[in-house]
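Single-structure report; data block below.
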Amino acid sequence: MEKDSLYNQVNPLVRVKEGELLTKAQWEQIENASSLDALRAILSSTFYADLVKEKDYADYFMDGLEDKRSEFFSWAYEVAPEKELVDIYTLRYTFHNLKALTKGQLTGRNLDYLYVPDGRIEMSVMKSAIASQKSSLLPDYLMEGILEVLDYFEKGNILQGIDIIYDRLYLTRIKLLAVKLGYPELLENVEGFIDLSNIGIMNRGILQKQTKTFLSTVLSSSGSIEKNAFLNYAGTSQKEFTEFVLNTKYHYLLAPLVKDNHLDIPQFAVIKDNYLTDFYSRSKTVAFGPLPLLALINAKEVEEKNLRLFVAGLNNGFSKELLKGRMRKISGL
């Protein structure tokens, strides 16, 4: 309880911040919006009102969402008594940025437009570290990761390896942070995320007929399901692998994705996000500890993804049915 009390002053701030989230009624209106103009009318009285003032607001809206995310992450870092808690969420953007900027450096292409603010590390700092292979501003583990990737590329000259190494380092790092922070619910959450990531990797690997050696490289060892349990299905059929995952503790999540003895890849990302939302729904009754802050960060992430989906979808003439099918679950709705 002593450790949980660290958040006694933070959680009232979290409850106030939750007021920025869209309501159930507003989401019902968004789901039924038939055009960008209709969506703008709905959002004009919300936290996102400043992003829909322009007539053709779609592109401006996307950029504005990035700014709001960066501001929110900065706020989370400011109020969180344990900054590593926020790291667990922002690191997905940090490693995304490392992938893009490293590829840009190695190929001579300008990929700066792929940079996504993570609330803590400026693009110039990353680019300088990659170019000079040294930095006094980056954490040691990130600098070590950059050097590992550059060394790998120098030996093999394979761009795909950049993604593989950074993905592995990302999953390893969030597991390490979860263990260090010492909250059982956080560790369970992180291990579940890694398990589901491994399931998706293995499913694609079987579909693409990847070798056991390759799969051993890309699968993470940081989940609750042993890596060897996955590797046993290298070279087998998707039917056999599907039978395996339906006998794991994630069967209730994955069963709706099974079609003709295969897992539906396009819907897998939605299911993975919904797992996190369902996990944090219990925070509604928790008044102490880190869970409310974690739930708020997750809710903000989900809301941004859904808003991007509907703005881009309506801008490109996608049907309401298609958009609803790809929509992430909203906590409490």
Side-chain angles (χ1 to χ4, degrees), residues 17-18 20-73 89-90 92-93 95-97 99-100 113-119 193 196-197 200 204 253-254 256-257 259 263-281 295-333:
K17 203 74 171 174
E18 288 174 346
E20 296 176 357
L21 297 170
L22 298 173
T23 65
K24 179 179 179 180
Q26 287 166 337
W27 273 116
E28 288 175 348
Q29 290 177 312
I30 290 171
E31 288 178 42
N32 291 303
S34 57
S35 66
L36 281 176
D37 284 340
L39 184 58
R40 178 170 54 187
I42 299 164
L43 294 177
S44 62
S45 60
T46 71
F47 175 69
Y48 303 97
D50 58 317
L51 304 185
V52 294
K53 290 181 179 179
E54 297 186 12
K55 183 177 180 180
D56 299 317
Y57 68 86
D59 291 338
Y60 179 76
F61 188 87
M62 298 303 192
D63 292 338
L65 281 179
E66 284 202 359
D67 293 338
K68 287 187 179 295
R69 185 205 308 129
S70 182
E71 291 169 5
F72 172 71
F73 282 155
Y89 274 84
T90 62
R92 68 190 65 184
Y93 298 108
F95 278 95
H96 160 84
N97 291 335
K99 289 179 187 179
Y113 68 94
L114 294 175
Y115 172 83
V116 178
D118 64 3
F193 178 82
L196 290 171
S197 297
R204 284 194 301 273
L253 279 171
L254 302 174
L257 296 185
K259 297 179 180 177
L263 290 177
D264 182 14
I265 294 287
Q267 281 295 107
F268 195 84
V270 176
I271 290 296
K272 195 161 69 168
D273 286 343
N274 288 348
Y275 164 79
L276 299 181
T277 297
D278 287 339
F279 186 90
Y280 286 126
S281 63
L296 175 64
I297 295 173
N298 183 70
K300 282 281 193 177
E301 291 268 298
V302 169
E303 185 162 280
E304 179 184 336
K305 287 181 180 180
N306 283 336
L307 285 172
R308 287 182 180 278
L309 171 69
F310 277 91
V311 170
L314 290 173
N315 195 36
N316 288 282
F318 295 160
S319 69
K320 287 187 284 186
E321 291 71 23
L322 178 63
L323 296 177
K324 288 180 182 180
R326 294 183 180 178
M327 182 180 175
R328 271 68 174 171
K329 183 182 293 186
I330 307 296
S331 178
L333 301 189

Nearest heavy atoms of Leu36 and Ala58, plus distance in Å: CD1-CB, 4.4 Å
Are the side chains of Leu65 and Leu51 in contact, using a 4.5 Å heavy-atom criterion? yes
Under 4.5 Å between any side-chain heavy atoms of Val302 and Asn274, yes or no? no
Can you tell me how far the CG atom of Leu323 sits from the OG atom of Ser319, to the nearest 0.5 Å? 6.5 Å
Where is the tightest heavy-atom contact between Asn316 and Ala312, given as atom of each residue plus distance? ND2-O, 2.7 Å
Could you pull out all residues at least two apart from Arg308 that satisfy side-chain hydrogen bond (donor to acceptor under 3.5 Å, both in side chains)? Glu304
After noting the C-alpha distance and the side-chain angles of Lys324 and Asn32, does the key distance pass the side chain to side chain contact (heavy atoms under 4.5 Å, CB included) rule? CA-CA 9 Å; Lys324 288 180 182 180; Asn32 291 303; 3.5 Å; yes
Between CG of Leu43 and CG of Leu22, what distance do you get to the nearest 0.5 Å? 6.5 Å
Closest contact, heavy atoms only, Arg328 versus Ala269: NH2-CB, 3.6 Å
Is it true that a side-chain atom of Asn315 and a backbone atom of Val311 form a donor plus acceptor pair closer than 3.5 Å? no
Let me know which of Asn306, Asp278, Asp273 forms a side chain to side chain donor-acceptor pair (under 3.5 Å) with Lys329. Asp278
Are Lys300 and Glu20 within salt-bridge range, i.e. N to O under 4.0 Å? yes
One pair to check against side chain to side chain contact (heavy atoms under 4.5 Å, CB included): Lys17 and Phe72. What are the steps and the verdict? CA-CA 10 Å; Lys17 203 74 171 174; Phe72 172 71; 4.1 Å; yes
Keeping the roles fixed (side chain from Ser197, backbone from Phe193), state whether a donor-acceptor pair exists under 3.5 Å. yes
Student check: side-chain heavy atoms of Leu21 and Leu296 closer than 4.5 Å: yes
Indicate whether any N or O donor in one side chain lies under 3.5 Å from an N or O acceptor in the other, for Ser34 and Lys320. no
Verify, without hydrogens or angle tests, whether Ser44 (side chain) and Ala41 (backbone) share a donor-acceptor contact under 3.5 angstrom. yes
Begin with the C-alpha distance, continue with both residues' side-chain angles, and end with the deciding distance and a verdict on side chain to side chain contact (heavy atoms under 4.5 Å, CB included) for Leu254 and Phe268. CA-CA 8 Å; Leu254 302 174; Phe268 195 84; 3.7 Å; yes
Any side-chain heavy atom of Ile330 within less than 4.5 Å of one from Thr277? no
Nearest 0.5 Å please: distance from the OH atom of Tyr48 over to the OH atom of Tyr57. 13.5 Å
Stepwise, does the salt bridge (Lys or Arg N to Asp or Glu O under 4.0 Å) test hold for Glu303 with Lys68? CA-CA 12 Å; Glu303 185 162 280; Lys68 287 187 179 295; over 6 Å; no
If you take all heavy atoms of Gln267 and Leu257, which pair is closest and at what distance? CB-CD2, 3.5 Å
Does the side chain to side chain contact (heavy atoms under 4.5 Å, CB included) test come out yes or no for Leu276 and Glu301, once each step is laid out? CA-CA 11 Å; Leu276 299 181; Glu301 291 268 298; over 6 Å; no
Does CZ in Arg326 sit with more than 12 non-hydrogen atoms of other residues, nucleotides or ligands closer than 6.0 Å? no
What's the spacing between Leu196 CG and Tyr275 OH if we round to 0.5 Å? 6.5 Å
Closest non-hydrogen contact found for Gly119 with Phe73 is CA-CB, 3.9 Å
Heavy atoms from other residues, nucleotides or ligands near CZ of Phe47 exceed 12 (cutoff 6.0 Å): yes
Going by heavy atoms in the side chains, are Phe61 and Leu307 under 4.5 Å from each other? yes
When rounded to the nearest 0.5 Å, the distance separating CG of Asp37 from CG of Asp56 is 9.0 Å
Rounded to the nearest 0.5 Å, how far apart are CZ of Arg40 and CG of Leu314? 12.5 Å
Is a side-chain donor or acceptor of Asp118 paired with a backbone partner of Tyr93 at a separation under 3.5 angstrom? no
Considering all heavy atoms of both residues, which atom of Glu66 and which atom of Pro117 are nearest to each other, and what is their separation? OE1-CD, 3.5 Å
